[in-house]
Amino acid sequence: MTTLTRADWEQRARDLTIEGRAFISGEYTDAVSGETFDCLSPVDGRLLGKVASCDAADAQRAVENARAVFNSGVWSRLAPSKRKATMIRFASLLKQHVEELALLETLDMGKPISDSLNIDVPGAAQALSWSGEAIDKLYDEVASTPHDQLGLVTREPVGVVGAIVPWNFPLLMACWKLGPALSTGNSVVLKPSEKSPLTAIRIAALAVEAGIPKGVLNVLPGYGHTVGKALALHMDVDTLVFTGSTKIAKQLMIYSGESNMKRIWLEAGGKSPNIVFADAPDLQAAAEAAASAIAFNQGEVCTAGSRLLVERSIKDTFLPLVIEALKGWKPGNPLDPATNVGALVDTQQMNTVLSYIEAGHSDGAKLVAGGKRILEETGGTYVEPTIFDGVSNAMKIAQEEIFGPVLSVIAFDTAEEAIQIANDTPYGLAAAVWTRDISKAHLTAKALRAGSVWVNQYDGGDMTAPFGGFKQSGNGRDKSLHAFDKYTELKSTWIKL
Ligand code: NAD
């Protein structure tokens, strides 16, 4: 438990050395082109450092190295118990560097330091160790064959994995991929978002320090349309795992078809409904969860509870509770340990969020909380947590993923209507139901087209349960042993006895 104050964090921020180079074959290296881009902090707009702007030439180098080390077997054929030990060392190095990594994450992305410290870095370390711990406890299969045949069903690493991740939980999303990808013996080329590349770059060196052979984990910072596209089109990348928007996810499917039909696993966007029935067991708890579901991580959460569906008979009592609860979520300097809402990731994202607030007004929704940019004098990108009442599900703010702290409140009269509204978006990532009626809870949960459904809570889950989406929220699952399916191929071997 750290006792660092805001002044301590600010001092550390001034003293911090920023590594912005790519990491290929165990060494930090400039982009082949020598190009860099500016890495700005959303906390106050300051320049954190220059970051290598990788492109197709760097992707070529990284994939060649990743392939060579994969073929050598030094990691891919290492005994699972040894890979396990190495992954656990990698995880413990993240924990040893928790303050440094948390500071990098907060400066780069704008999230509160308390969250980086207590959620992002520990969660990332756990994703690595959980997968590592599992890998020597998995068994392959012997098929039910005729007497004179032996049929072995085995899993093999796919080879070279390209991993493209977003900026909202930069380290955590990367480690949800790295845990199972590395534990199963693959080589990885990781492309962090250009908006938040710093922690991915930093942990590459920690991987080598942990004993992961050079070349097994490579990190290529840069833009999506340059290095991201090059990785996705590369003929020698076997599998591409992605977390990000639905728009780019669709593009990656095209790149796969245009190149080598690499396996594509997509964790994409969401517009999750949070359904509160009149018989919710605890309206105060539901209101606090609704506020947290839209304000946590500045609303930049794929599973943000961005549509609050409230049974009409309780709306007039419930909505004031939500408005009150949201007052506890106040944007402030992310380096202050008391801050629970930080800055939006950059000016572009802030302007996107503000334009959705504008759309809410012009479509006739009623603003009942927030609605403005604040703390502009800091040079940072802060927007008040915002609530629109009187939203119809057809409005732009109810249909599109805003990826900011903007909540749409939609009234309903019956369970059937709630389910119809809940399912009426292109997305299907998550949903929540609040009711004390166990049958209604189960029946509603079954009817919701979503990868995760929470009952009488919002945002539960840990490494033991799969996470991912229905519909245009993606395919495949992160976390749990199901994630291993993405990183392995099944082989059937028939032996005549
Ligand atoms: P994004 O799709 O814009 O970018 C994601 C990554 O793709 C970035 O690294 C980006 O550089 C790269 N990219 C962009 N264009 C590319 C191209 N043409 N080829 C290859 N790569 C390209 O998403 P974002 O704005 O970084 O992240 C926010 C999105 O992520 C939201 O939609 C959110 O819901 C989603 N998300 C989903 C989950 C999940 O588990 N389902 C988790 C977190 C975030």
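Order of appearance sets the numbers: ligands from 1, and atoms from 1 within every ligand.
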When you measure from atom 32 (O) of ligand 1 to the protein, is at least one non-hydrogen atom found at a distance under 4.0 Å? yes

For atom 28 (C) of ligand 1, what's the nearest protein heavy atom and its distance? Phe403 CE2, 3.4 Å

Tell me whether ligand 1 is touched by Gly474 - counting only heavy atoms on the residue side and a distance under 4.0 Å. no

Decide yes or no on salt bridge (Lys or Arg N to Asp or Glu O under 4.0 Å) for Arg373 and Glu376, but give the supporting numbers first. CA-CA 7 Å; Arg373 178 180 186 185; Glu376 200 170 340; 3.4 Å; yes

Looking only at heavy atoms, which two atoms of Leu107 and Ala13 are closest? And how far apart? CD1-CB, 3.9 Å

Minimum-distance pair of heavy atoms, taken over all atoms of Asn423 and Ala447: ND2-O, 2.9 Å

Proximity of Tyr255 to ligand 1 by residue part, where a heavy atom lies under 4.0 Å: side chain

Quick one: does Thr303 get a heavy atom under 4.0 Å from ligand 1? no

Arg202/Glu100 ion pair, N-O < 4.0 Å: yes

Around atom 20 (C) of ligand 1, find the nearest protein heavy atom and jot down its residue, atom name and distance. Gly228 C, 3.2 Å

One residue to check: Leu252. Relative to ligand 1, which of side chain, backbone, both or neither has a non-hydrogen atom less than 4.0 Å away? side chain

Assess whether atom NZ of Lys479 is packed by more than 12 heavy atoms of other residues, nucleotides or ligands within 6.0 Å. yes

Side chains of Glu19 and Tyr28 only: does a donor on one sit below 3.5 Å from an acceptor on the other? no

Identify, for atom 23 (O) of ligand 1, the protein heavy atom at the shortest distance, and state residue, atom and that distance. Ser245 N, 3.4 Å

Identity and separation of the nearest protein heavy atom to atom 37 (C) of ligand 1: Ala268 O, 3.1 Å

Do any N/O atoms on Cys302 end up under 3.5 angstrom from N/O atoms on ligand 1? no

Any sub-3.5 Å donor-acceptor pair from Asp44's side-chain atoms to Thr378's backbone N or O? no

Ligand-residue contact atoms, ligand 1 with Leu429, heavy atoms, under 4.0 Å: 41 (N)

Salt bridge (Lys or Arg N to Asp or Glu O under 4.0 Å) between Asp478 and Lys177: does it pass, once the steps are laid out? CA-CA 7 Å; Asp478 279 334; Lys177 313 291 188 206; 3.0 Å; yes

Geometry only, no angles: is Glu194 polar-contacting ligand 1 at N/O separations under 3.5 Å? yes

Only distances under 3.5 Å count here; give the side-chain donor-acceptor pairs of residues 119-130 to other protein atoms, sequence neighbours excluded, each with its distance to 0.1 Å.
{"residue": "Asp120", "atom": "OD1", "partner": "Lys111", "partner atom": "NZ", "Å": "3.3"}
{"residue": "Asp120", "atom": "OD2", "partner": "Lys111", "partner atom": "NZ", "Å": "2.6"}
{"residue": "Ser129", "atom": "OG", "partner": "Ala125", "partner atom": "O", "Å": "3.3"}
{"residue": "Ser129", "atom": "OG", "partner": "Gln126", "partner atom": "O", "Å": "3.4"}

Among protein heavy atoms, which sits nearest to atom 40 (O) of ligand 1, and what does the distance come to when rounded to 0.1 Å? Phe467 CE2, 3.2 Å

For the backbone of Gly328 and the side chain of Asn340, can you confirm whether one donor and one acceptor N or O come within less than 3.5 Å of each other? yes

Atom 35 (C) of ligand 1: which of Ala230, Ala163, Ser193, Gly244 has the nearest heavy atom? Gly244

His225 N/O under 3.5 Å from ligand 1 N/O: no

In plain terms, say whether Lys330 and Glu384 are close enough for a salt bridge, that is, a side-chain N and a carboxylate O under 4.0 Å apart. no

Under 3.5 Å: N/O of Val165 near N/O of ligand 1: yes

Using 30° and 60° as the class limits, which term best fits the ring planes of Phe169 and Phe296: parallel, tilted or perpendicular? tilted

Please could you name the atoms of ligand 1 that Met173 approaches to less than 4.0 Å, counting only its heavy atoms? 42 (C), 43 (C)

Enumerate the atoms of ligand 1 whose separation from the nearest heavy atom of Asn168 is less than 4.0 angstrom. 43 (C), 44 (C)

Looking only at protein heavy atoms, what sits closest to atom 15 (N) of ligand 1 is Ile248 CD1, 3.4 Å

Tell me the contacting part of Glu401 for ligand 1: side chain, backbone, both, or neither, using a 4.0 Å heavy-atom threshold, strictly below. side chain

Can you pull the ring-ring contact (aromatic ring centres under 6.0 Å, His included) pairs that have at least one residue in residues 218-243, sequence neighbours excluded? Phe37-Tyr223, Tyr223-His225

Could you tell me the residue and atom name of the protein heavy atom closest to atom 12 (C) of ligand 1, and the distance to it rounded to 0.1 Å? Ile164 CG2, 3.6 Å

Considering both backbone and side-chain atoms of Asp478, is one of its nitrogen or oxygen atoms within less than 3.5 Å of a nitrogen or oxygen in ligand 1? no

closest protein heavy atom to atom 24 (P) of ligand 1 is Trp167 NE1, 3.3 Å

Evaluate the side-chain proximity of Thr488 to Asn186: yes if any heavy-atom separation is below 4.5 Å, no if none is. no

Using a strict cut-off of 4.0 Å, indicate which atoms of ligand 1 neighbour a heavy atom of Thr243. 5 (C), 36 (N), 37 (C), 38 (C), 39 (C), 40 (O), 42 (C), 43 (C), 44 (C)

Any N or O on Ser473 sitting closer than 3.5 Å to an N or O of ligand 1? no

Tyr223, any N or O under 3.5 Å of ligand 1 N or O: no

Can you tell me how far CG of Leu266 sits from CD of Gln251, rounded to the nearest 0.5 angstrom? 12.0 Å

Looking at Arg67 and Asp236, is there a salt bridge between them, counting it only when a charged N and a carboxylate O are closer than 4.0 Å? yes

To atom 19 (N) of ligand 1, the nearest of Gly224, Gly469, Gly468, Pro166 on a heavy-atom basis is Gly224

